[in-house]
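Since this is a predicted model, take the numbers as computed values, not measurements.
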Amino acid sequence: VPLQAYGGGLVRSGGSLRLSCKASGMVFSRAAMAWYRQGPGKQRELVANITSSGTANFADSVKGRFTISRDNTRRLVHLQMNSLSPEDTAVYYCNTYWGRTFWGQGTLVTVSS
């Protein structure tokens, strides 16, 4: 299941970015999707996930700032990130489980202070 994540970049503190992940090779509408991140010197952590029915869950650290959405027609999952802080600097990974766990290649988000 190829997962292609994109949309990362450099942004100033307080700014916004929108990450997207394109999935193929599965029945996208039936799959839960997730975003993880791994900051410098940190373990990979779950940021947000969205079920096939559209129910979303968020890590406490991003609640109220990030939203996750999906476009089943275009096979995309988005992570809208607002009010970014340097603590959000990380490589962000798209993730799904379809028989087994699949990871995208990661997209780097750097938030400058």
Where at least one partner belongs to residues 70-86, residue pairs that pass salt bridge (Lys or Arg N to Asp or Glu O under 4.0 Å), sequence neighbours excluded:
none
Pairs touching residues 36-113 that satisfy disulfide (SG to SG under 2.5 Å), sequence neighbours left out:
Cys21-Cys94
Contacts of type side chain to side chain donor-acceptor pair (under 3.5 Å), residue Thr51, not counting sequence neighbours:
Ser53
Check: residues 41-49 side-chain donor-acceptor pairs under 3.5 Å, at least two apart:
from	atom 1	to	atom 2	distance (Å)
Glu45	OE2	Arg37	NE	2.7
Glu45	OE2	Arg37	NH2	3.3
Asn49	OD1	Asn57	ND2	3.2

I'd like to know if Tyr6 and Phe28 are part of one continuous hydrophobic network [Ile/Leu/Val/Met/Phe/Trp/Tyr, side-chain heavy atoms within less than 4.5 Å].
no
Only distances under 3.5 Å count here; give the side-chain donor-acceptor pairs of residues 98-113 to other protein atoms, sequence neighbours excluded, each with its distance to 0.1 Å.
from	atom 1	to	atom 2	distance (Å)
Gln105	OE1	Ala5	N	3.2
Gln105	NE2	Ala5	O	2.7
Thr107	OG1	Gly8	N	3.0

ILVMFWY cluster, Ile68 and Tyr36 together (side-chain gap under 4.5 Å)
no
Side-chain touch Leu3/Met33, heavy atoms, less than 4.5 angstrom
yes
Treating Ile, Leu, Val, Met, Phe, Trp and Tyr as nodes and any side-chain heavy-atom pair under 4.5 angstrom as an edge, say whether Val62 and Tyr92 lie in one connected cluster.
yes
Could you name each residue pair satisfying disulfide (SG to SG under 2.5 Å) that touches residues 22-72, not counting sequence neighbours?
none
Following the transitive rule for hydrophobic clusters with a side-chain heavy-atom cut-off under 4.5 Å over Ile, Leu, Val, Met, Phe, Trp and Tyr, establish whether Trp35 and Leu76 coincide in one cluster.
no
Only distances under 3.5 Å count here; give the side-chain donor-acceptor pairs of residues 77-85 to other protein atoms, sequence neighbours excluded, each with its distance to 0.1 Å.
from	atom 1	to	atom 2	distance (Å)
His78	ND1	Ser20	OG	2.8
His78	NE2	Arg18	NH2	3.3
Gln80	NE2	Asn82	OD1	2.9
Asn82	OD1	Ser16	OG	2.9
Ser85	OG	Glu87	N	3.4
Ser85	OG	Glu87	OE1	3.0
Ser85	OG	Asp88	OD2	3.4

Hydrophobic cluster of Leu10, others only, ordered by chain and residue number, side-chain cut-off 4.5 Å:
none
Distance col, row Leu19:CG vs Tyr93:OH, nearest 0.5 angstrom, shows 13.0 Å
Whether Arg65 side chain and Ser61 backbone form a donor-acceptor pair below 3.5 Å:
yes
